[in-house]
2 protein chains.
Amino acid sequence: MILKPTESELEIMQILWECGPLTVRKVNDLLNQQRRVGYTTTLKIMQIMAEKELLTRDTEHRSHVYTPTLQSEEVQSTILDHVLKTVFKGSRSNLVMQALGNHSVAKEEMEEIRLLIKKMEDKEDGIL
Amino acid sequence: MILKPTESELEIMQILWECGPLTVRKVNDLLNQQRRVGYTTTLKIMQIMAEKELLTRDTEHRSHVYTPTLQSEEVQSTILDHVLKTVFKGSRSNLVMQALGNHSVAKEEMEEIRLLIKKMEDKEDGIL
DNA sequence: TAAAAATTACGAAATCTTTCGTATGTAATT
DNA sequence: AATTACATACGAAAGATTTCGTAATTTTTA
């Protein structure tokens, strides 16, 4: 992904990742459960996203149906890399420490993380 | 911190955290090692930051000297919380997994993280 | 001391994003 | 068939951020 999505674009992608391909109407309804926003506003942003190819749309039926072109993991990774670079001067461990420090994480999730780390240490023992 | 700093503001804060209290001239010189930007642009942004109280300035001498009011950790935490909420639907472990997955981290840093996790598990055994 | 250089203040243009009104057309309802 | 509801397209206003030109002032240099 070249472009970092804007906040509004991200909101819409979240909804589409969660609830599958949707019409503008559906997206706007879900969006309005979070905050008040007009229908044509949502329409406009989704049209722009389609132009940018952040979404594809099926124009077969009267109500177009939109799908995100990127997977959530790709966008998460892009954004996290940007934060890593601009906020943590590239230090991944500082980012992780900040993310974990003084916060509670469910036991199972913590276990998942612990296992991932173990696997990484086994694999890349001593390596950068 | 109430407000998320803009990208430009963040760039400047990074420089000030790294290189201590500086004049606009110094900040602009350092900034120009990364990208081309005019002196008055940097000045303007730093003046706005002072208004917002992201920076304090010593106006004793002709060249004002600016200092960040927030520590880097505070801003890192604020921004990471925002990303957590808007990009990872609040799942801290997903964020951490994404930050670690498929990336290399120096052995010592990894060890640091491992220790932190161990400490957290000991302290909050079984708790949220 | 006069000219040049450096600094702050300020306003406004340029750019990016969000917002929505209006026009237009199609489907559903009466 | 006429009216109402619903959809897209489009342009432009509103808002936020970045950019920089210019004026006014002070310091430095020649």
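A quick note: this is a predicted structure, and the numbers were derived from the prediction, not measured. Letters A, B, ... are given to chains in the order of the sequence lines, protein chains preceding strands, and every chain is numbered from 1.
Here the side chain of A:Thr40 is nearest to one of C:dG21, D:dA7, C:dT19, namely C:dG21. Of the listed nucleotides (D:dC20, D:dC6, D:dT18), D:dT18 has the atom at the smallest distance from the side chain of B:Glu7.
For D:dT18, the OP1/OP2 oxygens have a side-chain nitrogen or oxygen of B:Ser8 closer than 4.0 Å. The shortest distance between the side-chain N/O atoms of B:Arg35 and the OP1/OP2 oxygens of D:dT19 is below 4.0 Å. Taking side-chain N and O atoms only, A:Gln47 has no distance below 4.0 Å to OP1 or OP2 of D:dC10. Using a 4.0 Å cut-off, some side-chain N or O of A:Arg57 falls inside it from OP1 or OP2 of D:dA9. Applying the 4.0 Å criterion to OP1 and OP2 of C:dT8, one finds that B:Tyr39 has a side-chain N or O inside that range. At the phosphate of C:dT8, neither OP1 nor OP2 sits under 4.0 Å from any side-chain N or O atom of B:Thr59. One finds no side-chain N or O of B:Thr6 lying less than 4.0 angstrom from the OP1 or OP2 phosphate oxygen of D:dA16.
Note: NE2 (B:His61) to P (C:dT8) measures 13 Å, nearest angstrom. The distance between atom CE of B:Met46 and atom C1' of C:dT7, rounded to the nearest whole Å, is 13 Å. Rounding to whole angstrom units, CG of residue A:Asn28 and C1' of D:dT8 are separated by 14 Å. When rounded to the nearest whole Å, the span between CD1 of A:Ile45 and P of D:dA14 equals 18 Å. Protein atom CD1 of A:Ile48 is 14 Å distant from nucleotide atom P of C:dC20, rounded to whole Å. A straight line from CG of A:Leu43 to P of C:dT17 spans 18 Å, rounded to a whole angstrom. Nucleotide D:dA7 holds its C1' atom 14 Å from the NZ atom of A:Lys26, rounded to whole Å. Distance, A:Glu9 CD to C:dT19 C1': 14 Å, rounded to whole Å.
One can find a donor-acceptor pair under 3.5 Å joining the base of C:dA6 and the side-chain atoms of B:Arg62. Contact of B:Lys44 with C:dG11 (side chain to base): a donor-acceptor pair of N or O atoms is detected under 3.5 Å.
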### Query
Can A:Asp81 and A:Lys4 be said to form a salt bridge (Lys or Arg N to Asp or Glu O under 4.0 Å), step by step?
CA-CA 11 Å; A:Asp81 279 358; A:Lys4 191 164 62 86; over 6 Å; no
#### Entry: Canonical and wobble pairing (Watson-Crick, G-U, under 3.5 Å) of DNA chain C, dot-bracket with |
||||||||||||||||||||||||||||||
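To the nearest 0.5 Å, atoms NZ (A:Lys52) and OG1 (A:Thr6) are separated by 5.5 Å.
In this structure, A:Glu53 places its CD atom where only 12 or fewer heavy-atom neighbours from other residues, nucleotides or ligands lie under 6.0 Å away. Shown here is A:Gln71, whose CD atom has no more than 12 heavy atoms of other residues, nucleotides or ligands within 6.0 Å.
The residue from B:Arg57, B:Gln47, B:Lys26 that alone fulfils the side-chain hydrogen bond (donor to acceptor under 3.5 Å, both in side chains) condition with B:Tyr66 is B:Arg57. Results of the side-chain hydrogen bond (donor to acceptor under 3.5 Å, both in side chains) test with A:Thr42 over A:Asp29, A:Asn32, A:Asn28 single out A:Asn28 as the only residue that passes.
In this structure, A:Glu109 and B:Ser91 approach most closely via the heavy-atom pair OE2-OG, 4.1 Å. Contact record, A:Glu73 with B:Gln98: O-NE2, 3.5 Å, taken as the closest heavy-atom pair.
Each of A:Gly38 and A:Lys52 has a nearest nucleotide on DNA chain C; the 5'-most of these lies closest to A:Lys52.
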